[in-house]
Amino acid sequence: MLDIKFVRDNPETIQQKLATRGGEIAGLDELLSLDGQRREVLQRLEKQRAERNRASDEIAAAKKQKQDVPPERFAGLKQVSNDIKTLEEELKKFEAAQEALLMTIPNLPGDTTPVGNSADDNPVVRTWGEKPQFAFEPKQHFDIGEKLDILDFERAVKITGARFSLYKGAGARLERALINFMLDLHTTQHGYTEVLPPLMVNSQSMTGTGQLPKFKEDLFKVENTDYYLIPTAEVPVTNIHAGEILTDEELPVKYVSYTPCFRSEAGSYGKDTRGLIRQHQFNKVELVKFAKPETSYDELEALLLNAEEVLRRLNIHYRVSCLCTGDLGFSSAKTYDIEVWLPGQNLYREISSCSCFTDFQARRAGIRYRRSDTKKVEFVHTLNGSGLAVGRTFVAVVENYQQPDGSIIIPEVLQPYMGGLKKIG
RNA sequence: GGAGAGAUGGCCGAGUCGGUCGAAGGCGCUCGCCUGCUAAGCGAGUAUACGCCUUUAAAGCGUAUCGAGGGUUCGAAUCCCUCUCUCUCCGCCA
């Protein structure tokens, strides 16, 4: 959510910045007009309230001295009270309308975010490693996995439906090994605190991080409750500090969290129908940071490197691109995508998305901190990134480490997590 | 699921028959004083948001907030209703 005061004072800056995101930037004029009307009503209301408070104090003082209050005094105040009630209702309408509109306006792109129209304009900022050479035609992960009987998609469909998967044997263990490897790396080497949050959250938390109200159709809702299945650990973990005032000594706060994630994938019918790439349920290790505004973009660079380290240690080739303004997510000011090389698909696929949300989520969720120098309370900046999407990492390991005989070599760093196993198949 | 108790400031905790209650008291914290040092002691301060004023900020003025929403009343932390959450006991359960 943008700061209404900033919008009020800098309408042309907002207009310009939002325009770089492309598409419609509806409602800015309406927003300003609502804001004006709201403040006008508010002033009238507060004047009446002040009047009532003054009179109330007089009456109290008189009663204390056992003096009588003339009845006509009350009659006039009754009218003031009625006016207050009317004005309160009016104010509430304007506030609700303004809030609703403000909730649908995306974050402003950061100053260093490249300007562009679509994913085609995303610059690649670096590449790590090299594409592995195969003396044979590399297969896709689902073919390898089914042949080795470590993935069973048919039975997953029977149990639940499309876009679910069943890992078996060494496959299940490999997924678990990846989770543990990532958690251990980020907690022991990168200073993150591990958290294991609820997998269902209420609508307030969903609103805090920006999934609601605009992206309801992407979520699974639990029937007859106010609860939603989380689409990413970002939601519960960012909301850990919702409504709190932190101290600046404790910043940056860094959490790492493994959770399953649930996404309806509405609108992606027919895309990635085979394999683990696009699932309704998938595992992810998520990195979340709360930072001071002046360090947040540096913290983004650090977080990105923390995520990259997973692939470096697995020795898998990848590249990093920076999302341009036209491709940027709703809540984000700046986002890097890590794209891993999948030889079976002969493509780079997104395996992590690392974003700085500036104060956009913090304002919605009410996450603040007190500066020790000025004693002032300010909104923190929130950041997060996958570190990494586990299912897609599984795909990357399987496709990059596949052998001519259909077996898979287990990357060295994972072997301790696999009970010393060096190869599947 | 059944029965009961409760929700007040960073924390603990008081609020009498509704009336200067943003809220006593304590702890914590900050600043100052005092003291060889430390501790103790003494003094002062210590919420957030919004609006107005203002070039900005500060100051100032005003308004709101005692779980949430609604009601009664000139006036509600205090009375009434609804909801949410927490705790205790019983049942069930991993």
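- Atom CG of A/D9 is separated from atom P of B/U54 by 15 Å (rounded to the nearest Å).
- Taking atom P in both B/G51 and B/U72, the straight-line distance is 30 Å, to the nearest Å.
- For the P atoms, the distance linking B/C83 with B/C74 amounts to 28 Å, nearest Å.
- Per the geometry, CG belonging to A/D83 stands 13 Å off C1' belonging to B/C74, to the nearest Å.
- Rounded to an integer number of Å, the gap from CZ of A/R44 to C1' of B/U63 is 16 Å.
- By the neighbour-count criterion of 12 heavy atoms within 6.0 Å, atom CD of A/E95 is densely surrounded, having more than that number from other residues, nucleotides or ligands.
- By the side chain to side chain contact (heavy atoms under 4.5 Å, CB included) test, A/D121 pairs with A/N117, A/S118, A/C324, sequence neighbours left out.
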Pick out the pairs of N or O atoms, protein on one side and nucleotides 81-85 of chain B on the other, that lie under 3.5 Å.
none

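- Spacing of P atoms, B/G22 relative to B/A77, comes out at 8 Å, to the nearest Å.
- Separating the C1' atom of B/G4 from that of B/G9 is a span of 29 Å, rounded to the nearest Å.
- The number of heavy atoms from other shown groups lying within 6.0 Å of CE (A/M200) does not exceed 12.
- Taking the six-membered ring where tryptophan is involved, the planes of A/H280 and A/F164 are tilted, since the angle between them lies from 30° to 60°.
- Between B/U63 and A/N53, a contact under 4.0 Å exists linking OP1 or OP2 to a side-chain N or O.
- Rounded to whole angstrom, the span from the CZ atom of A/R52 across to the C1' atom of B/U73 amounts to 10 Å.
- When rounded to the nearest whole Å, the span between NZ of A/K78 and P of B/G75 equals 6 Å.
- Comparing the same atom, C1', in B/C33 and in B/G26 gives a spacing of 23 Å after rounding to whole Å.
- A/E58 pairs by the side chain to side chain contact (heavy atoms under 4.5 Å, CB included) definition with A/R73, not counting sequence neighbours.
- Each salt bridge (Lys or Arg N to Asp or Glu O under 4.0 Å) pair with one or both residues in residues 245-268 of chain A, not counting sequence neighbours, appears once here: A/E265-A/R278.
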Where do N or O atoms of nucleotides 16-22 of chain B meet protein N or O atoms at under 3.5 Å, pair by pair?
{"from": "B/G19", "atom 1": "O6", "to": "A/K63", "atom 2": "NZ", "distance (Å)": "3.3"}
{"from": "B/G19", "atom 1": "N2", "to": "A/S56", "atom 2": "OG", "distance (Å)": "3.4"}

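- Applying the ring-ring contact (aromatic ring centres under 6.0 Å, His included) rule to pairs touching residues 27-51 of chain A yields nothing, sequence neighbours excluded.
- Here NZ of A/K85 is found 15.5 Å from CD of A/E90. Values are rounded to the nearest 0.5 Å.
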Could you go over nucleotides 48-52 of chain B and give all protein N or O partners under 3.5 Å, atom names and distances?
{"from": "B/U48", "atom 1": "OP1", "to": "A/R370", "atom 2": "NH1", "distance (Å)": "2.6"}
{"from": "B/U48", "atom 1": "OP1", "to": "A/R370", "atom 2": "NH2", "distance (Å)": "3.2"}
{"from": "B/U48", "atom 1": "O3'", "to": "A/R368", "atom 2": "NH1", "distance (Å)": "2.9"}
{"from": "B/U48", "atom 1": "O2'", "to": "A/R368", "atom 2": "NH1", "distance (Å)": "3.4"}
{"from": "B/A49", "atom 1": "OP1", "to": "A/R368", "atom 2": "NH1", "distance (Å)": "3.4"}
{"from": "B/G51", "atom 1": "OP1", "to": "A/R8", "atom 2": "NH1", "distance (Å)": "3.4"}
{"from": "B/G51", "atom 1": "OP1", "to": "A/R8", "atom 2": "NH2", "distance (Å)": "2.8"}
{"from": "B/C52", "atom 1": "OP1", "to": "A/R39", "atom 2": "NH1", "distance (Å)": "3.1"}

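- One P atom belongs to B/G2, the other to B/G15, and the distance between them is 33 Å to the nearest Å.
- In this structure, the side chain of A/R312 does not engage the main chain of A/L305 through any donor-acceptor pair within 3.5 Å.
- Rounded to a whole angstrom, the distance from the C1' atom of B/A57 to that of B/G36 is 45 Å.
- Between the side chains of A/T382 and A/Q361, a donor-acceptor pair is found at a separation under 3.5 Å.
- At B/U73, none of the side-chain N or O atoms of A/S81 fall inside 4.0 Å of OP1 or OP2 (strictly under the cut-off).
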Completion exercise
A correct dot-bracket answer for RNA chain B, with pairs being Watson-Crick or G-U at under 3.5 Å, [ ] for crossing pairs and | for inter-strand pairs, is ((((((((.[[[..)...(.....]]]((((((.......))))))((((((.......)))))).[[[[[..)....]]]]])))))))....

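- In this structure, the CZ atom of A/R49 is 18 Å from the P atom of B/C74, given to the nearest Å.
- Between A/K85 and A/E51, it is A/E51 whose nearest contact on RNA chain B lies nearer the 5' terminus.
- The list of salt bridge (Lys or Arg N to Asp or Glu O under 4.0 Å) pairs with a residue in residues 176-200 of chain A, not counting sequence neighbours, is empty.
- Sequence neighbours left out, the pairs with a member in residues 354-379 of chain A that pass ring-ring contact (aromatic ring centres under 6.0 Å, His included) are A/F330-A/F360.
- Comparing B/U30 with B/A14, their C1' atoms are spaced 25 Å from each other, to the whole Å.
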When the side chains of residues 286-295 of chain A are checked against the rest of the protein, which donor-acceptor pairs come out under 3.5 Å, sequence neighbours left out?
{"from": "A/E286", "atom 1": "OE1", "to": "A/K284", "atom 2": "NZ", "distance (Å)": "2.6"}
{"from": "A/K289", "atom 1": "NZ", "to": "A/E299", "atom 2": "O", "distance (Å)": "3.0"}
{"from": "A/K289", "atom 1": "NZ", "to": "A/E299", "atom 2": "OE1", "distance (Å)": "2.6"}
{"from": "A/E294", "atom 1": "OE2", "to": "A/R371", "atom 2": "NH2", "distance (Å)": "2.7"}
{"from": "A/T295", "atom 1": "OG1", "to": "A/K292", "atom 2": "O", "distance (Å)": "3.1"}

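- Using the six-membered ring where Trp is involved, A/H186 and A/H190 have ring planes that are tilted, between 30° and 60° apart.
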Could you go through residues 148-156 of chain A and list every donor-acceptor pair under 3.5 Å that involves a side-chain atom there, pairing it with any protein atom two or more places apart or in another chain?
{"from": "A/D149", "atom 1": "OD1", "to": "A/K168", "atom 2": "NZ", "distance (Å)": "3.1"}
{"from": "A/D152", "atom 1": "OD1", "to": "A/E154", "atom 2": "N", "distance (Å)": "3.3"}
{"from": "A/D152", "atom 1": "OD1", "to": "A/R155", "atom 2": "N", "distance (Å)": "3.0"}
{"from": "A/D152", "atom 1": "OD2", "to": "A/R155", "atom 2": "NH1", "distance (Å)": "2.7"}

